Each structure stands twice: as C-alpha cells, then as structure tokens.
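Values reported hereafter were calculated over all heavy atoms of this structure, with side chains retained and with hydrogens, waters and symmetry mates removed. Just so it is clear, the model here is predicted, and its values are computed rather than measured.
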Amino acid sequence: MLPLWPAALLVDGLWAGLLRRTPVVLPLITGLADLEARWSAALLRPSPKALLTGRVERLTATRADAVAAHGAELRRIERDLHDGTQAHLVALSMRIGLARRAYQGDPEAARKLLSDAQDQAEDALLELRHVVRGIHPPILTDRGLVGAARALAASSGLRVAVQAEGLDGGPRPPAAVEAAAYFVVAESLTDAAKYSGSGQAEVRLGRTRSGLGVRIRDEGRGGADESAGTGLLGMRRRVATLDGTMRVTSPVGGPTVVEVDLPCVW
C-alpha cells in the first residue's frame, strides 16, 4: 500500500479535493487493507483439527465433572435416605410393634404409642419430600420454569422481580435444562440473600436462538468469589454438563450479575 499513498495524495488530492470528484486511488488502499485483514484472519484462525481437539478436551473435562457431580448426588441421596427417612421408618416400625404388644394390657399406652407412630410417619413423609425435591423439584413439573422461579422469588426473603420472555404459552425446554436453570436461580438468590447485603434482586428468563438464557442480578456489595463456597462452582459445573456457558460479573461494590446460556432444541 505504501507506493499508492503518494499517488493517492497527488491524484485524489487534485481529482477529489479540487474537482470534487469521486476518489480513484484511495478505494484501492481500502480494498488492500480489507484483503490483508482477510489473509491475517485466515492465517491466525485455528485449524478445524485444532478446534476439534479443543472441543474434545472441553467435553472430556465437562464429562468428568458430570460424573463426579452425579456420584456426589447419589451419595447425598443415599445419606439422606439412610440418616433421615430410614431412621424414621425404623422408629415407626418399633412404635407400632410396641403398641401392638401393649394393646391388650394397657390400651392407653398403646394409644399414646400409636399417636407417636403417626407423628413419626409424618416426619418420614417430610424427609421423603425433601429427598424428592433435591432430585427434581416437583414444582417444575407442575408450574414450569417461570412459575417455579416466581415461587423461589416469593420465598427468598428478597424483593425479586421475575421477567420472562418467550416462555409463556410456548413449548417448554427439556427437563434437564429446566432443572439446571432452576438450580442456578435458586443458588443465585440464596447467595444474594446470604452475602450481597442487598434487599432486592432481578431474575430474567428468556428464549434465545440457541436455547435458554438466565440472568440474575443483585445490587449488593459484589466481590463474589467462586472459591469461597458461594455455590458458584457447583452452578458452573451443572451448566457445563449441558454444554452451556456461565459468566459472573461481580466487581467490589456491586452489582453481581450471573448470566447463563443453556443450549437446547425447542
């Protein structure tokens, strides 16, 4: 392009500057610059093989995280069933057995044992509901993602505005995508209530061209750290399992914004 500059100054300086005509040489310089940009992009862009290698490495890492998260979830369910529900059921069986033995000789004691057994059965049902809620929240099945998010907002202790775009009346996302989005909203609102110091937050759910978008914003103190046990790492792992992306913006002084994109087919 260097040899064209003197010609451009001479030719276009007279032709375009004095005679007010359309430049002739300067467009050639622009075309050469565009050509150089295209060549540079072609040379610097990773090859298809390199892109595929990076994709395989990312999927391998997310698969390992998914397997680890699945194992941890199974252990949690087993622990909850063993320490909670099973203990209540064993105590319930013992109380019913004692009531049956005492029924003939001491009906009043048997009545008291049966009353305790009923309380124990109710406790066992509560434990089972807690375990089921941890596997897949029933409210997602009953009310959908928007209704579940509004229920979370109402019970969060914050003033939460929930906005939904393109999710009312249309097809629902896959169950796994809805569960991941619900988990992100629940964890984000829990973190906001615990750590942000803010009394309000905003949740936005929207249908995108590639899937489902989730955005949670609070006006708190900011400074969220994934290594500080705020639930961000678990959220990122769950999103990565579905090949989604998660961005966290939390400067000191706030606000904290969590943006999640979950790919899916509508």
Side-chain angles (χ1 to χ4, degrees), residues 41 44-77 132-141 143-149 152 162-192 201-218 224-250 256-266:
L44 296 175
R45 186 183 300 116
S47 65
K49 183 177 180 180
L51 292 174
L52 180 60
T53 301
R55 176 71 171 166
V56 170
E57 291 177 353
R58 183 170 181 269
L59 290 177
T60 301
T62 56
R63 184 184 64 178
D65 288 340
V67 171
H70 180 66
E73 189 71 9
L74 287 179
R75 289 190 295 272
R76 182 192 66 80
I77 294 172
V132 171
R133 197 177 297 115
I135 299 172
H136 185 82
I139 193 171
L140 273 178
T141 304
R143 298 173 57 181
L145 179 59
V146 178
L152 285 173
V162 179
Q163 300 179 11
E165 298 178 1
L167 296 178
D168 294 326
R172 291 176 56 174
V177 173
E178 278 194 336
Y182 178 88
F183 178 79
V184 168
V185 174
E187 284 292 325
S188 298
L189 292 180
T190 300
D191 288 347
E202 179 186 63
V203 176
R204 289 187 179 181
L205 306 170
R207 179 174 178 174
T208 64
R209 296 180 62 183
S210 59
L212 176 67
V214 182
R215 185 177 186 270
I216 304 97
R217 174 190 174 106
D218 69 72
D225 184 6
E226 292 191 26
S227 62
T230 56
L232 291 175
L233 183 58
M235 292 161 55
R236 189 176 294 279
R237 285 177 175 174
R238 185 174 289 242
V239 170
T241 301
L242 298 175
D243 202 22
T245 59
M246 173 176 162
R247 296 175 298 278
V248 180
T249 305
S250 184
T256 296
V257 180
V258 178
E259 295 178 290
V260 170
D261 292 319
L262 296 168
C264 66
V265 178
W266 295 88

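In terms of heavy atoms, Pro263 sits closest to Val177 at O-CG2, 4.1 Å. The two atoms that bring Leu242 and Ala180 nearest to each other are CD1-CB, 3.5 Å, heavy atoms only. A pairwise comparison of heavy atoms in Ala148 and Ile139 identifies CB-CG2, 3.7 Å as the closest pair. Residues Leu167 and Gly206 come closest through the heavy atom pair CD1-N, 4.2 Å. For the residue pair Glu178 and Pro173, the shortest heavy atom distance occurs at OE2-CD, 3.6 Å. Of all heavy-atom pairs between Ala181 and Leu212, the closest is CB-CD2, 3.8 Å.
Applying the side-chain contact (heavy atoms from CB on, under 4.5 Å) test to Ala192 and every residue at least two apart in sequence or in another chain returns Leu158, Ser196, Asp218. Every residue meeting the side-chain contact (heavy atoms from CB on, under 4.5 Å) condition with Glu259, not counting sequence neighbours, appears here in chain and number order: Arg215, Arg247, Val257. For Ala186, the side-chain contact (heavy atoms from CB on, under 4.5 Å) criterion is met by Leu152, not counting sequence neighbours.
Once rounded to the nearest 0.5 Å, the distance linking CG of Leu233 with CD of Glu187 reads 11.0 Å. Here the CG atom belonging to Leu145 is positioned 5.0 Å from the CG atom belonging to Leu205, to the nearest 0.5 angstrom. Note that CZ of Arg172 is 6.5 Å distant from OG1 of Thr141, once rounded to the nearest 0.5 Å. Here CD of Glu202 is found 11.5 Å from CG of Leu189. Values are rounded to the nearest 0.5 Å. To the nearest 0.5 Å, atoms OG (Ser188) and CG (Leu232) are separated by 7.0 Å.
Taking the side chain as every heavy atom from C-beta outward, Thr245 and Val239 never approach each other to under 4.5 Å. Contact check for Arg204 versus Glu165: no side-chain heavy atoms found under the 4.5 Å cut-off. For the pair Thr249/Thr256, no side-chain contact is recorded, criterion being any heavy-atom separation below 4.5 Å from C-beta on.
Among the candidates Val258, Val185, Val146, the single residue satisfying the side-chain contact (heavy atoms from CB on, under 4.5 Å) test with Val203 is Val185.
Under a 3.5 Å cut-off, the side chain of Arg238 and the backbone N or O of Val184 do not form any donor-acceptor pair.
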